[in-house]
Engineer: 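Questions regarding the structure given below will be posed in turn.
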Amino acid sequence: MKFSISGVRGIFDGDLSLQNILEFSRAFSKLIKKNTCVLARDTRSSSRIIGETASAALMEQGIDVQNLGVA
């Protein structure tokens with residue numbers, strides 16, 4: 001898994017797990033100032049579960065998630 005200015009990168013179910021997504025999303029929620037976040041995904045088969053996991057973790061922290069779907 002790599003962390004960079006453009007985000008977190010990894011191979012899902014390889015070096016990037018749902019637990020990693022939960023932890024990163026919960027930490028990211030602390031940086032959100034207005035309690036609203038826009039979430040989008042790409043067309044890879046793993047994107048839906050990753051997006052749903054990130055969305056759940058953000059909402060768990062009180063963030064209103066606007067889900068754009070594939071963008």
Side-chain angles (χ1 to χ4, degrees):
M1 181 171 40
K2 293 182 181 180
F3 291 92
S4 72
I5 195 163
S6 63
V8 178
R9 299 198 176 271
I11 298 172
F12 183 65
D13 259 354
D15 61 344
L16 180 64
S17 68
L18 289 178
Q19 184 64 35
N20 297 137
I21 302 301
L22 286 169
E23 291 170 4
F24 179 81
S25 299
R26 288 173 180 150
F28 179 72
S29 74
K30 308 278 189 274
L31 302 174
I32 299 172
K33 302 286 186 208
K34 296 189 178 191
N35 290 335
T36 300
C37 180
V38 175
L39 184 70
R41 62 184 177 89
D42 61 23
T43 59
R44 285 176 275 196
S45 59
S46 58
S47 292
R48 183 177 304 266
I49 188 67
I50 290 170
E52 289 173 357
T53 302
S55 182
L58 290 166
M59 289 189 294
E60 171 188 74
Q61 302 301 311
I63 305 298
D64 179 30
V65 177
Q66 303 298 313
N67 191 335
L68 300 180
V70 176

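Please read all numbers here as calculations on a predicted model, not as lab measurements. Note: hydrogens, waters and symmetry copies are ignored here, and every other heavy atom, side chains too, is used.
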Engineer: With a cut-off of 6.0 Å (strictly less than), are more than 12 heavy atoms of other residues, nucleotides or ligands near CG of L68?
Structural biologist: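 More than 12 within 6.0 Å, yes.
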Engineer: A56: which residues meet the side chain to side chain contact (heavy atoms under 4.5 Å, CB included) condition with it, sequence neighbours left out?
Structural biologist: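 Applying side chain to side chain contact (heavy atoms under 4.5 Å, CB included) to A56 gives none.
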Engineer: Just list the side-chain donor-acceptor pairs under 3.5 Å for residues 30-38, sequence neighbours left out, or say none.
Structural biologist:
residue : atom : partner : partner atom : Å
K30     : NZ   : Q61     : OE1          : 3.3

Engineer: Just do the side-chain contact (heavy atoms from CB on, under 4.5 Å) check on N20 and M1 with the steps written out, would you?
Structural biologist: CA-CA 9 Å; N20 297 137; M1 181 171 40; 3.7 Å; yes
Engineer: Which atom pair, heavy atoms only, marks the closest approach of I49 to T53?
Structural biologist: O-OG1, 2.7 Å
Engineer: List in chain and number order the residues that pass side chain to side chain contact (heavy atoms under 4.5 Å, CB included) with R48, two or more places apart in sequence or in another chain; answer none if no residue qualifies.
Structural biologist: R41, E52
Engineer: Drop me the distance from F12's CZ to I21's CD1, to the nearest 0.5 angstrom.
Structural biologist: 7.5 Å
Engineer: I'd like to know if the side chain of S17 reaches the main chain of D13, judged simply by a donor and an acceptor atom lying under 3.5 Å from each other, with no hydrogens or angles considered.
Structural biologist: no
Engineer: Just verifying a value: how many Å separate D64 CG and L58 CG, rounded to the nearest 0.5 Å?
Structural biologist: 10.5 Å
Engineer: Please step through side-chain contact (heavy atoms from CB on, under 4.5 Å) for the pair L22 and R26, ending with a clear verdict.
Structural biologist: CA-CA 6 Å; L22 286 169; R26 288 173 180 150; 4.1 Å; yes
Engineer: How many angstroms lie between CZ in R9 and CG in D15, if you round to the nearest 0.5 Å?
Structural biologist: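 Taking CZ in R9 and CG in D15, the distance rounds to 12.5 Å.
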Engineer: Is it true that atom CZ of F24 has more than 12 heavy atoms of other residues, nucleotides or ligands lying nearer than 6.0 Å?
Structural biologist: yes
Engineer: Using only atom types and a distance under 3.5 Å, with no angle test, would you say the side chain of S55 pairs donor to acceptor with the backbone of G51?
Structural biologist: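 No, S55 side chain to G51 backbone: no donor-acceptor pair under 3.5 Å.
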